[in-house]
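Scroll down for the structure; my scribbles are underneath it.
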Amino acid sequence: MLKSAEEIRSLHEHTVTSDYRQHYHIQSVTGLLNDPNGFVYHKGAWHLFYQWCPWGAVHGLKYWYHTISEDLVTWKNAGACIRPDTFYDNKGAYSGSALPTDDCVYLYYTGNHRDEDWKRSSYTCLVKLDDDGNAQKLEHLFGPNDNYTEHQRDPKIIHNKENGRYYIIIGAQTKEKTGCVIIYSSDSIDKNWKFEGQLKVPGFENFGDMWECPSIETINGHDVLIFCPQHITLPGRGGSVHHSGYLLGHMDWNTLTFTPDNTRFHVLDFGFDSYAAECAANPDNKNKATLIAWMGLPDASYPTDEEDWSGCLTLPRELRVRDNRLIQQPLDDLRRLRGKKIDLESTDELPRVCEAELISRGGDMNIKLFAKADGSGGLDISYDDTAKTITVDRSGLNKRFNIELGEQRVRPLPKGLFHLRIFIDKSSVEIFVNDGDAVFSTRIFPTEDESKLFIKGDASVHMWELNRAIDESFVVD
Ligand code: FRU
């Protein structure tokens, strides 16, 4: 446990000097960040928490760290919110979600308990966060379910307005070692919770051995089951065994059945680093939701580990359903971060914090970000108009990492390539293809001799420097 903020002040001072600190992506205040948690809009502000291990780039004891925004663009550090300081969460306040009410926000999370023999038990715990930011732990809601293995976590709270009931869905593992979702329900936020059963997902009874971070969203009248199946490989995903994806379909809360529209599990992100996506409903528009994910992967390591920090979140993305899949677009308000326009006629230097927009006039396209002066290396983005595929390859960068998971990702674009928006921050690149039809997110760690931009192809290109949008202040208490 953190005895006081002072314990990590010098770690923070050292962390913020890193050349890889992001300028407009939420990142760990110190130590390690993984999943986004409890993403919610409440009384004029967006609240977003992240899994946080304060002491270093390790998946050690987890806290919920709190960040706040009024516009989803600029974010302020608000300090540690849930601390692993009870019997129920003695080995971590694990992931979960939020429910806004008139007078406060409720946070549901997994208390990761281990006994002296290191046997794990998951408790579903509740915190009441008042409007002054005070977090009060309430009585835990229920303990582990003996019909499943020890892997039960990541409660998503859902208020079903049709029958008035509250549901908590939890990622779990059956005793046969298959991934699944289990469901609890209640007529009340903080008591009377009872086990309802296992979610039936026809066609997906044997799909990975554990499902982490499940969620059911309704977007444009479509139900979407989002989850992270573990320990399976998928075509086009290299050696990666952890995926963040979704099924479109229909949720029937009476029979606890999610019937997928087809047999297709879509990955949310075609890039290398994306996991544990979390959605917040849009308060003004029921057809939209905003998604944010961890720009990282479990069981992976990153070059800043040696600087004792790791992890950032993706940009928030607006979700819609189009052509039977989720479309992810960068929020419109992100345009407000645009600063100086870059004159590409006069420079081939790529700013470390910028946005590029490319409108293709057809044909092949090749873009190299952070290449060397002789044109070699860099993050290579290429579109092959004959094969109708777009490929992102990070093998040419000096700092290579997680090589065994594959350094190339390919996505078919049957209708061709017409539009790209690329967001570059100090240590990440997010590529939005064809108006949100596909997204590639990747961490990158360019070195001094990697600074050039090369574009080949017939396209009009615009580029802007982007202003800082997150704060680096040391707020812990
Ligand atoms: C996903 C995850 C969750 C868990 C959390 C712990 O990355 O493993 O299942 O709650 O991270 O930090």
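Atoms considered below: every heavy atom in the structure, side chains included; atoms not considered: hydrogens, waters and symmetry mates. Each ligand, and each atom within it, is numbered from 1 in the order the structure gives. For clarity, every value in this text was computed on a predicted model and none was experimentally measured.
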For C104 and Y106, the nearest pair of non-hydrogen atoms, with its separation, is SG-CE1, 3.5 Å

(Q) So that I know where these two stand, are F272 and F401 an aromatic pair - ring centroids less than 6.0 Å apart? (A) no

Note to self: Is it true that E278 and N37 share a donor-acceptor pair across their side chains at a distance under 3.5 Å?
What the structure shows: no

Salt-bridge present (D35, K62; N to O < 4.0 Å)
no

Exercise for review: Give a yes or no on this: more than 12 heavy atoms of other residues, nucleotides or ligands lie within 6.0 Å of atom CD of E404.
Suggested key: yes

Per the under 4.0 Å non-hydrogen criterion, ligand 1 touches N34, D35, Q51, K62, Y94, S95, R153, D154, E212, Y275, W294

Could you check if a side-chain atom of Y275 sits within less than 4.5 angstrom of a side-chain atom of N34, using non-hydrogen atoms only? no

